[in-house]
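Beneath this line is the structure, given in structure tokens, with notes to follow.
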Amino acid sequence: MASLTSSGAWLLILSLGEIVVGSQNISSRIGEPLVLNCKGAPRKPPQQLEWKLNTRRTEAWKVLSPEGDPWESVARVLPNGSLLLPAVGIQDEGTFRCRATNRHGKEIKSNYRLRVYQIPGKPEIVEPASELIAGIPNKVGTCLSEGGYPAGTLSWHLDGKSLVPDGKGVSVREETRRHPDTGLFTIQSELTVTPVPGGPLNPTFSCSLSLGPRSSGQRTLHTAPIQLSVWEPEPLEEVRLVVEPEGGAVAPGGAITLTCEAPAQPPPQIHWLKDGSPLAIAPRSVLFLPEVGVQDQGIYSCVATDQSHGSRESPGVSVSIIETGENGQEEGRIMDLW
């Protein structure tokens with residue numbers, strides 16, 4: 001007995017008039033035709049051979065012979081004994097075996113393990129950021145690959161070097177979806193980074209898709225790179241509240257405008273307080289009171305919030321109503337700036 005073994009190679013065993021050709025791993029692109037040779041089969045009929053298939057299409061072994069009908073147009077035996085798959089699909093992954101008797105009366109068996117693949121289009125970075133802010137987490141973008149099989153692996157690079165997620169300065173959120181009809185994969189990877197203050201001001205990011213060896217060898221597809229600017233936030237300095245009319249006192253039904261001035265880059269979020277309690281309004285730098293009534297009187301202040309440097313509150317400004325007496329003279333006390 002003689003044998004030879006190696007990864008994906010033939011195994012040849014000679015034993016009592018039988019020749020067994022061991023399993024061969026093969027790959028085929030989805031949608032393309034594939035011909036599997038039946039070793040030892042006579043080139044011309046009559047032929048003594050049999051093909052057996054065990055794939056995702058079958059619940060058990062399916063038997064095909066030269067005299068039989070093509071199996072649902074999926075596979076058929078050619079006149080020379082080879083097996084033809086007109087258009088390979090994901091459901092054809094599995095094992096194919098042929099048993100043939102040659103002209104010398106020896107029986108020869110050959111086995112194939114079939115894996116299929118589909119190379120997707122070039123990956124791309126979608127929804128890229130316009131800029132990054134140092135010291136806080138920023139979403140860089142989402143790397144997207146569609147229409148591949150198997151799924152493959154996405155990885156990110158910064159200035160040509162691999163980015164390894166550490167859950168702190170670099171984090172990645174991945175998602176894999178499979179099309180219900182075609183079986184092909186869509187994979188995406190969302191990158192979030194926290195630039196270090198004082199670091200590079202114009203980093204370049206890219207993403208790559210690594211395909212498995214079944215796609216005619218290890219292959220890698222790359223996105224076009226994107227270059228982003230990094231902003232160094234300016235710290236919040238004094239936050240000032242300006243009121244118009246000056247003094248914050250108006251007649252009943254008058255209008256008052258409060259403007260929160262908080263110079264910083266990028267602009268901070270502005271929230272409003274009345275008598276120390278938050279006002280249920282969307283963040284904005286200007287608060288307009290169109291028809292001031294008794295319910296509007298009180299002490300107003302604004303809070304500027306910056307993700308890098310926290311929050312700072314302005315001094316309070318009072319809003320009050322000027323009451324007029326019967327003789328038209330102003331009555332009541334106007335509250336001063338707090």
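Note that the structure is a prediction, hence the values are computed from the model and not measured. The chain is numbered in sequence order, starting from 1.
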Answer whether the closest heavy-atom distance between the side chains of Leu36 and Trp51 falls below 4.5 Å. yes
Side chain Glu190, main chain Arg173, donor-acceptor under 3.5 Å: no
Leu191 side chain near Ile125 side chain, heavy-atom distance below 4.5 Å: no
Is there side-chain contact between Pro123 and Cys207, with at least one heavy-atom pair below 4.5 Å? no
Looking only at the side chains, is there a donor atom on one of Gln24 and Arg113 sitting less than 3.5 Å from an acceptor on the other? no
Side-chain hydrophobic cluster, 4.5 Å single linkage: members besides Val196: none
Does Ile270 reach the side chain of Val239, with side-chain heavy atoms less than 4.5 Å apart? no
Neighbour count >12 (heavy atoms, 6.0 Å) for atom CH2, Trp71: yes
Side chain to side chain contact (heavy atoms under 4.5 Å, CB included) for Ile256 and Tyr300? Distances and angles first, verdict last. CA-CA 12 Å; Ile256 289 181; Tyr300 289 77; over 6 Å; no
Can you check whether Ile299's main-chain N or O pairs, donor with acceptor, with Asp275's side chain at less than 3.5 Å? yes
Is a side-chain donor-acceptor pair under 3.5 Å present for Ser208 with Ser155? yes
If you measure from the Lys or Arg side-chain nitrogens to the Asp or Glu carboxylate oxygens, is any gap between Glu50 and Lys52 under 4.0 Å? no
CD (Glu291) with more than 12 external heavy atoms under 6.0 Å: no
Check residues 75-89 and write down every donor-acceptor pair under 3.5 Å in which the side-chain atom is one partner and the other belongs to a residue at least two apart or another chain.
from  : atom 1 : to    : atom 2 : distance (Å)
Asn80 : OD1    : Ser82 : N      : 3.0
Asn80 : OD1    : Ser82 : OG     : 3.3
Ser82 : OG     : Asn37 : OD1    : 3.1

One should read off an interatomic distance between Ser189 OG and Glu174 CD, to the nearest 0.5 angstrom, of 4.5 Å
Looking only at atom types and distance, does a side-chain atom of Asn54 sit under 3.5 Å from a main-chain N or O of Thr95, one as donor and one as acceptor? no
So Ser206 and Thr223, do their side chains get closer than 4.5 Å, heavy atoms only? yes
Any chance CZ of Arg284 has more than 12 other-residue heavy atoms, nucleotides or ligands included, within less than 6.0 Å? yes
Pairwise side-chain contact, Phe185 with Pro120, heavy-atom cut-off 4.5 Å (strictly under): no
So, Arg178 side chain and Gly183 main chain: donor-acceptor pair closer than 3.5 Å or not? yes
Donor-acceptor check, side chain of Asn111 to backbone of Arg97, threshold 3.5 angstrom: yes or no? no
Backbone N/O of Gly147 and side chain of Gln118: donor-acceptor pair under 3.5 Å: no
List the steps and the verdict of side chain to side chain donor-acceptor pair (under 3.5 Å) for Thr142 and Gln188. CA-CA 6 Å; Thr142 300; Gln188 63 184 52; 5.5 Å; no
Sequence neighbours excluded, the answer for side chain to side chain donor-acceptor pair (under 3.5 Å) partners of His222 is none
pair Cys302-Leu258: side-chain heavy atoms closer than 4.5 Å: no
